[in-house]
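The next block holds one structure in the form of structure tokens; read it before the comments.
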Amino acid sequence: MSTSPSPTTVPEARARIDEINERVVELLAERQAIVDALCELKADADRTVRDPEREAELLAHVRSVADEAGLPPTLAETLFEEILAHSVERQRRQRADGAAGPSAEEPSAEEPSAEEPSAEEPPDKATGAVSTCGAQA
């Protein structure tokens, strides 16, 4: 996949890993900003936070992409299950903060147990703003 030559020293390999890690974090921040926008769109359309069918499609797709890339599909699935759980919880907090639309009170039996969310959502790192999905502007 990479067009860069393979690293030849441990420091070079670690530097490349650090660069990749930074890109992954930047992409996760970009994804989170899109999740915030999606939350607003769902609230405006009176749709629920969770869409189990979409979640299943997403997980099947990442398993397939991982397999094609030579990555264990179970690794990709596990990572994306965690990303999905975070996205759902973030949207629920936004709905609760904005008190609009179908809600944050949806059952979560299919979701993995996570730590209790903080009472206040920290500002979005990309924009510096706290999103209040579904809030009246």
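Only a predicted model underlies this, so the values are computations on that prediction, with no experimental measurement involved. FYI, side chains are in, hydrogens and waters are out, and symmetry mates aren't considered; it's all heavy atoms of this structure.
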| Taking only residues two or more places apart in sequence or in another chain, which ones pass side chain to side chain contact (heavy atoms under 4.5 Å, CB included) with Leu28? | Val24, Ile83

| query | At their closest point, which heavy atom of Val62 faces which heavy atom of Ala76, and how far apart are they? | reply | O-CB, 3.9 Å

| request: Would you sort out whether Leu84 and Leu59 count as a side chain to side chain contact (heavy atoms under 4.5 Å, CB included), showing the intermediate values? | output: CA-CA 9 Å; Leu84 282 171; Leu59 292 173; 4.0 Å; yes

| task | Would you name the heavy atoms of Pro72 and Ala66 that are closest together and state the gap between them? | result | O-CB, 4.3 Å

| field | Under 3.5 Å donor-acceptor, Thr78 side chain and Thr74 backbone | value | yes

| Test log, rule side chain to side chain contact (heavy atoms under 4.5 Å, CB included), inputs His86 and Val35 | CA-CA 10 Å; His86 172 77; Val35 165; over 6 Å; no

| task | Any chance you could measure Leu75, atom CG, to Leu79, atom CG, to the nearest 0.5 Å? | result | 4.5 Å

| query | Minimum heavy-atom separation for Ser87 to Arg31, with atom names? | reply | OG-NH1, 2.9 Å

| remark: Rounded to the nearest 0.5 angstrom, the CD-CZ distance for Glu30 and Arg23 is 13.0 Å

| request: Would you please test Leu41 and Arg47 for side chain to side chain contact (heavy atoms under 4.5 Å, CB included) and show each step? | output: CA-CA 8 Å; Leu41 294 167; Arg47 294 181 64 175; over 6 Å; no

Pairs under 3.5 angstrom only: tabulate donor-acceptor contacts from the side chains of residues 6-15 to other protein residues two or more places apart or in another chain.
residue: Thr9; atom: OG1; partner: Glu12; partner atom: N; Å: 3.1

| field | Sequence neighbours excluded - salt bridge (Lys or Arg N to Asp or Glu O under 4.0 Å) pairs with any residue from residues 58-80 | value | Arg63-Glu77

| task | Could you list the residues that satisfy side chain to side chain donor-acceptor pair (under 3.5 Å) with Glu26, not counting sequence neighbours? | result | none

| message | Do Gln94 and Glu40 make a side-chain contact, defined as non-hydrogen atoms from C-beta onward lying under 4.5 Å apart? | response | no

| said: On a heavy-atom basis, which atom in Gln91 and which in Val49 lie closest, and how many Å separate them? | reply: CB-CG1, 3.6 Å

